[in-house]
Amino acid sequence: MPAHGASTVWLHKSPSHTAPLVTDLGKHPGKPSTYSVYDHSARASTGQRYAVAARQGDWTAIWYLGQKAWFHNPASNPTAIPAKGPMVTPLSGEVKVYGRAYPEKSAYESAAYQPLTPLKYKIAPGQTYTVGDTVTGSYYAANAYSPSKHVTTTGKTRYHQIQLGHRVMFVMAKDVRLID
């Protein structure tokens with residue numbers, strides 16, 4: 001097929017079209033990402049915001065799944081547009097990443113405690129990720145047919161919703177510094 005536009009860019013480990021694609025340890029543990037239409041682990045999509053990690057010639061690197069991910073972005077025909085918004089960076093050490101923003105254990109009174117388990121991803125010192133929202137941990141239990149018996153548990157733990165790879169994930173606000 002002839003070349004045509006797309007709503008995604010391929011993300012490489014270094015600034016070269018022939019460099020391997022970045023890896024996604026959650027989707028492909030120990031295996032490389034692929035160019036399959038079903039594999040989004042090494043692609044950034046239109047409408048998502050990422051923090052710039054570096055620039056080299058016609059290439060731009062973003063922070064993506066805990067690593068620098070490079071895409072071709074020539075000034076003469078850019079594939080990305082600049083955007084501003086809040087970001088986070090670790091206060092110290094690696095920061096755990098979560099798929100849910102659950103409340104702390106002590107908040108559960110009427111619903112069964114839901115343990116908060118970190119994902120395989122981590123944010124290392126020096127990395128920066130964009131923030132979509134800041135929320136208080138909550139859990140909605142709908143264990144009955146009657147909505148009057150549903151329970152919402154809200155805690156005090158605050159989370160920042162971040163763009164990590166092509167997914168939305170959460171970090172605890174106490175673990176990161178918010179950059180406006």
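Predicted model only: the values in this text are computed from it and were never measured.
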Nearest-0.5 Å distance that lies between atom OG1 in T79 and atom CZ in F71: 5.0 Å
Gap between atom CG of D133 and atom CD1 of I162 - 0.5 Å precision: 13.0 Å
Minimum side-chain heavy-atom gap I62-K68 below 4.5 Å: no
Modelled atom types, side-chain donor and acceptor of S16 and S14, under 3.5 Å: no
Residue pair V95 / P90, side-chain heavy-atom distance below 4.5 Å: yes
Side chain proximity check, H160 to Y129, heavy atoms < 4.5 angstrom: no
Cluster overlap V9 with L164, hydrophobic side-chain contacts below 4.5 Å: yes
Shared hydrophobic cluster, V168 / V176 (ILVMFWY, side-chain heavy atoms < 4.5 Å): no
Student check: side-chain heavy atoms of K174 and R158 closer than 4.5 Å: no
Partner set under side-chain contact (heavy atoms from CB on, under 4.5 Å) for Y35, not counting sequence neighbours: W10, H12, L21
Minimum side-chain heavy-atom gap T136-T157 below 4.5 Å: no
Side chain to side chain, V97 and F170, heavy atoms closer than 4.5 Å: no
OG on S45 to OH on Y50, rounded to 0.5 Å: 6.0 Å
Listed partners of H150 passing side-chain contact (heavy atoms from CB on, under 4.5 Å), at least two apart: Y140, A142, P147
Partner residues of Q67 under the side-chain hydrogen bond (donor to acceptor under 3.5 Å, both in side chains) criterion, sequence neighbours left out: none
For T46, all residues meeting side-chain contact (heavy atoms from CB on, under 4.5 Å), sequence neighbours excluded: S7
No-hydrogen, no-angle side-chain donor-acceptor test under 3.5 Å, D24 and S33: no
Separation of L65 CG from K122 NZ (nearest 0.5 Å): 14.0 Å
Side chain to side chain, M169 and L119, heavy atoms closer than 4.5 Å: yes
Pairs meeting criterion side-chain hydrogen bond (donor to acceptor under 3.5 Å, both in side chains) with involvement of residues 84-102, two or more places apart: R100-Y102
T130 side chain vs R49 backbone, donor-acceptor pair below 3.5 Å: yes
Residues forming a side-chain hydrogen bond (donor to acceptor under 3.5 Å, both in side chains) with D58, sequence neighbours excluded: none
From OH (Y139) to OG1 (T153), nearest 0.5 Å: 8.0 Å
H17/W70 aromatic ring centres below 6.0 Å: no
Separation of T60 OG1 from R55 CZ (nearest 0.5 Å): 5.0 Å
Residue pair K149 / N143, side-chain heavy-atom distance below 4.5 Å: no
Plane angle bin for H40 and H166 - parallel if under 30°, tilted between 30 and 60°, otherwise perpendicular: tilted
